[in-house]
Structures are given as C-alpha cells and as structure tokens.
Amino acid sequence: MSIPINATSNPYAMPRNMQVARNGMVATSQPLAAQAGLEILQKGGNAIDAAIATAACLTVVEPTSNGIGGDAFALVWVDGKLHGLNSSGPSPESISIDAVKALGHTEMPKMGWLPVTVPGAPAAWAALSKRFGKLSLAECLAPAIKYARNGYPLSPVLGRGWSGAFMAYRARFTTPEFAAWFETFAPEGRAPKIGEMWASPAHATTLEDIADTYAETFYRGRISKVIADSSEKHGGFLREADLAAYAPQWVNPISANYRGYDIWEIPPNGQGIVALIALNIMKGYEITLGMHGRDDISVYHKQFEAMKLAFTCGKAVITDPSYMQTTIEDLLSDSFANNLRSQINPTANEPEVILPPKSGTVYLATADGDGNMVSFIQSNYMGFGSGVVIPGTGIAMQNRGADFSLDPTHANALKGGKRTYHTIIPGFITKGANPIGPFGVMGGYMQPQGHMQVVMNMVDFGLNPQAALDAPRWQWTTGKHFEVEHHFPKHIAQGLAGLGHRITVPLESGGFGRGQVIVRDIESGVLMGGTESRTDGAIAAW
C-alpha cells in the first residue's frame, strides 16, 4: 500500500494539478509566501529555512489568518528523525477566573486584551533556525520584510476575508484598544481591495528587529516593553515578565499506526490527538479500498460517529499537559479505541464523553532535495485574532485565551501561566523508517476532522495528494449535526440523513479548512504536492 501519484485518477477534479519536483517544494495558502520559501531553497537554505521564510512571509501576505503575535507548532524531519516543536504561549501569570469574572464576564471574551496569551511564533522561527537552519534568521526573513515595506497586491480569497473582517470590526470595535487595528489594516478608512497594494512599514521594522536579535527583542527587549505597556494601558494582564519567561518546547511527537502508515501529531495541548483517536477507531473496520469504499454510506457513517466520539473525549481532557488527568498512552491505546468503536451503532448517536480508565490559521509544508521536511502551522485565531494591534509595530495579537473555561472544574479552566487547548496542528506521515511527508488542514475545530479525511483519502481510497485535498469534505458541529460541502454527493447526504444524521449545506465552503500536502516517493525521492483549491493556495517547486 502506498500513497498514489497518478494525477489522472481524480474524480473530484478542480482546476488544479498535482505538482511534482525533485529538488525542493513549498506548499501554502499564498503564492507570494510559497515563492519566498522557494527563493530561500534556491539560495542554499534547507527545508527548515524555507519554512521560516514562508511562515514570516505569511504574517505579511495573509494577516487575516496569522501574525507575529500568534502561536506556532512544527514537525521537522531531519537526519532520519521526527522532531516536534510546541511554540504556544501561556496565559499571563496574573490572570485568574476570579479576576475575569470581577470584570463582569461569565465566559472568556473572544476579543480585546483579556484573551491575549504570550505569542510563540517569533520564538518558533528563532528556535528552528538555531537548531536546524543553514542560513541566518535575517536571510530567512528578508522576503517578508520586503513585502511588508514595499507592499503587495491582495489576492482574491484574502481580499474577501479582509473586507468581511473590516465590516464586522467597524461595528464592534469602537473603544481605544482597537484603534491601532484600523490604523494598520484599514489606513484609508476601509479594507484594501482585491488587487490593491497594501504595505506595513512598521511590520517590516518589527521583523528586522526580530531577525537581528533572533527574537530576543520580542521577549526581552524593546518590543516586549511596547507590548506590555499597551496591555497595561488598556486593562490587559500581559506583562514584560510573562514575555521574558517564555521559551518554546521541543516535544516528542505522538502517533497512531493506520494501515501500515504512522500518522504523527504534536501532543496536547494541541488537538491532534483527536485525529489519532478517530483513526484508531476506523482502523478496526474492514473498508473496501479505492473509490467504492469512499462512496459507501456506511463508511461515512462510521467516520461521522468516530469523529464525534474522538472530539467529545478530546474536548473533555485536552489542556496544558501539566494539568491533564488522562494520559496520552491511555487515549491512544487499542483498548480505548475498541471501547469507543463498540459504542457506534447502525444509526446516529448523540455524542457523550467516554474516557479511558485512569492510569482565520495558516499551514505550510516544505521539503528539500536532501530529505529534510517540515510541517508548520501558525495562527492568530479567529481571523485577525483579538483585534488588538500594538501601535507602531504591525503586531496583531492572538486571542487563544478565548478557549479557556471559567468553570474551575473543567480540564481547560483558566489559570495564570497555563497553556490552553489549542486548535492548530501540523501532521506528518511515515512508513517504517521512511518519511512520507508533511500534511495539514487549517481551520479551527475542522483541523483534526480534515486530518482524518485527508489521511483516509490517500491511504484507504487511493487519492493522490491533490485529489485528497479537492475531495468534498464534511464537518461535525454539534449533536447529530454535520455540514457538507456543496459538491458532496447528494445521494450520500440523503443516505446519511436516513441514518439519523442532520445534514446541512452551508452557502460557502470557507469553514471546511484549507490544506497542503507534500509526499516523497520512497524509491525515487521525487516530491509530489497538493495545495488547497478553496483558497489562494500555491506550490512553488524546482
């Protein structure tokens, strides 16, 4: 069994073809960012350098999804080993449930300074560069700095998202803490239009400072003081000490073996374990390989039920691993998967929490000709993030703290210095001792659902990377309710409704995630890539 490369076998063909190359490849959601990564490869950088360059460039050319003030995670294949980097930041030490409730909130707010956590993205770039990079951080960030200072024209999906955010923010963000957002992202009193040039010289200067100091200025220097001063001025809890104490963590990736392939994710506080639990359930079923299996209503029904069970369990336990009461080993055990599988009936169930016995995001993938590969994801969350921009810096701050619970008995209860449940997850596939490649589907709680669907599309149903991304997706929202894309087969949707699932088709497909895949042929070393047809996705290769 192997990942297929026959691009002509795509029954869901959209106007894209799978890309094939040998020396290097970068796949992401913005053409300019993909080209930035390729530029670094062609200058002698490796896949890690290319990932850093692409990620930094995405903060400029796709600010609707990520920024300097966000978090990041990475899976890095180097010298025959997979390494994991968790660069998500904790809540401020001084914040607490009582402090937030004292301000009149009954749940964590989504916007403003209260949900802002320590940003991890700049620290991720520096950590990756220092450990695995060939070029300097300044060389890697040069393309992003150029676009921030000189400007670039907005692409179609980017422009639509920007316009929608502006319309929503204009009605909601009327207090002083949000003024800098409009100064930065709507300098003419409106959102920039598709095809219109936009620049952020302050963003360029910030990137230069990060590059020259390997992010030290962001956490223990000039920029950290500016961030902390803005927080204190507007009633936030983030202080210089919170930034100074931060460092990303190198972690051991976790995996599940699915029909001969090892599927890898970052361990909690990320939600990648949800995808692994669902795949562990599905591997216990006999599935007809190829398109007959994919078009089987009973297979979709099992996928739906497996994802509901995996997600319901994950949401109940995933948080900062220092606070988790359930072990990763138990959650990924065969006995737990067997127990969950036994709960699946021929018709739709209401999800319930079953636990083992006690014992707006951007995604990019890179590969070089030497065998190095990177799966990298970073995000501000909910589009532009908190709506807070640090004046004079171009830094849009994330709002990851919005996922904390104000219920002190909840696993993900708010606490000072704690990392929250995190939605962004990079994925990676290996087979035996061989790397197959990086993959990811960004988009909030769609991400583990997208991971499971893309893996099964390639491994079970024989779709090449591009076809695996193009295939119609589904998404569980709550209870028995699932959304499906407009090109999802109608007869299958009707059949699933007959099994008790509530099926709806949203007007737009924007909520079904945006993915990238690069796989390497084990024998030839040839790289094959797929990019997202639901956005401005692009692959740069040579």
Side-chain angles (χ1 to χ4, degrees), residues 70-75 82-100 107-108 114-124 127 219 237-255 264-277 310-333 336 353 355-359 377-379 381 398-426 445 447-448:
D71 279 346
F73 294 84
L75 291 168
L82 190 64
H83 306 262
L85 181 65
N86 181 331
S87 202
S88 63
S91 60
E93 281 288 345
S94 61
I95 202 169
S96 67
I97 290 174
D98 289 342
V100 173
E107 60 181 26
M108 279 298 291
L114 292 185
V116 173
T117 52
V118 176
Y219 297 97
F237 288 86
L238 192 66
R239 297 293 183 268
E240 283 188 82
D242 297 308
L243 292 160
Y246 181 69
Q249 295 182 347
W250 291 100
V251 298
N252 293 321
I254 59 176
S255 68
W264 296 89
E265 302 278 357
I266 291 285
N269 55 314
Q271 65 176 343
I273 196 169
V274 171
L276 299 184
I277 294 170
F311 232 132
T312 303
C313 297
K315 286 290 287 181
V317 301
I318 295 171
T319 187
D320 188 316
S322 301
Y323 295 86
M324 283 182 63
Q325 301 297 309
T326 307
T327 69
I328 292 170
E329 290 76 15
D330 284 342
L331 290 168
L332 293 180
S333 68
F336 183 47
V353 177
L355 299 179
K358 288 192 179 293
S359 39
I377 195 163
Q378 69 184 18
S379 172
Y381 204 31
Q398 65 181 1
N399 56 337
R400 282 291 162 187
D403 274 343
F404 277 120
S405 172
L406 297 187
D407 176 358
T409 66
H410 195 280
N412 199 42
L414 174 65
K415 186 179 176 66
K418 181 179 180 181
R419 289 177 295 170
T420 186
Y421 178 112
H422 222 294
T423 60
I424 64 175
I425 51 173
Y445 296 108
Q447 293 183 57

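As the structure is a prediction and not an experimental result, all values here were calculated from the model.
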Report task. For the pair Q398 and S379, evaluate side-chain hydrogen bond (donor to acceptor under 3.5 Å, both in side chains) and give the outcome as yes or no after the intermediate values. Result -> CA-CA 8 Å; Q398 65 181 1; S379 172; over 6 Å; no
**Report entry** Test log, rule side chain to side chain contact (heavy atoms under 4.5 Å, CB included), inputs N399 and M108
**Finding:** CA-CA 10 Å; N399 56 337; M108 279 298 291; over 6 Å; no
**Report entry** Derivation and outcome, side chain to side chain contact (heavy atoms under 4.5 Å, CB included), residues I377 and I425
**Finding:** CA-CA 7 Å; I377 195 163; I425 51 173; 5.5 Å; no
Requested in this report: For the pair F404 and N412, evaluate side chain to side chain contact (heavy atoms under 4.5 Å, CB included) and give the outcome as yes or no after the intermediate values.
Outcome: CA-CA 6 Å; F404 277 120; N412 199 42; 4.1 Å; yes
Query - Pair L238-V118, side chain to side chain contact (heavy atoms under 4.5 Å, CB included): steps then yes or no - result: CA-CA 8 Å; L238 192 66; V118 176; 3.7 Å; yes
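Within the 4.5 Å cutoff, the side chain of P90 has heavy atoms near those of the Y246 side chain. For the pair S91 and D242, the minimum side-chain heavy-atom distance is 4.5 Å or more. By the 4.5 Å heavy-atom criterion applied to side chains, C313 and F336 are counted as neighbours.
A pairwise comparison of heavy atoms in S87 and G120 identifies OG-O, 2.5 Å as the closest pair. What you find for A123 and P248 is that their closest heavy atoms are CB-CD, 3.8 Å. What you find for G84 and L75 is that their closest heavy atoms are CA-CD2, 4.1 Å. Heavy atoms only, all atoms of each residue included: I266 and A74 are closest at CD1-O, 3.5 Å. Scanning all heavy atoms of the two residues, the minimum distance from A310 to I277 falls at CB-CG2, 3.7 Å. Closest approach of N269 to N86, counting heavy atoms only: OD1-ND2, 2.8 Å.
Remark: the S88 side chain and the D71 side chain contain no N/O donor-acceptor pair separated by less than 3.5 Å. Side-chain contact, S322 with R419: no donor N or O sits under 3.5 Å from an acceptor N or O.
Checking side-chain atoms of T420 against main-chain N and O of G401 turns up no donor-acceptor pair under 3.5 Å.
How far NE2 of H83 is from CH2 of W250: 7.5 Å, rounded to the nearest 0.5 Å. One distance of note links OG of S333 with CD1 of I328; it measures 12.5 Å at 0.5 Å rounding. Between Q447 atom CD and Q271 atom CD the span is 6.0 Å, to the nearest 0.5 Å. Atom CG of residue L406 and atom CG of residue D98 lie 10.0 Å apart, to the nearest 0.5 angstrom. Expressed to the nearest 0.5 Å, how far CZ of F73 lies from CD1 of I424 amounts to 5.5 Å. Atom OG of S405 sits about 9.0 Å away from atom CG of L414, to the nearest 0.5 Å.
Under a cut-off of 6.0 angstrom, the local environment of CG in N252 is sparse, with at most 12 non-hydrogen atoms contributed by other residues, nucleotides or ligands.
Taking the six-membered ring where the residue is Trp, F311 and Y445 present perpendicular rings, their angle passing 60° and hence far from 30°.
Seen from the ring of Y323, K415 does not count as a face-on cation partner, given the 6.0 Å and 45° thresholds.
In this structure D403 satisfies the salt bridge (charged side-chain N to carboxylate O under 4.0 Å, His left out) test with no other residue, sequence neighbours excluded.
Paired with P268 under the rule side chain to side chain contact (heavy atoms under 4.5 Å, CB included), one option of D320, L331, I273, T319 passes, and it is I273.
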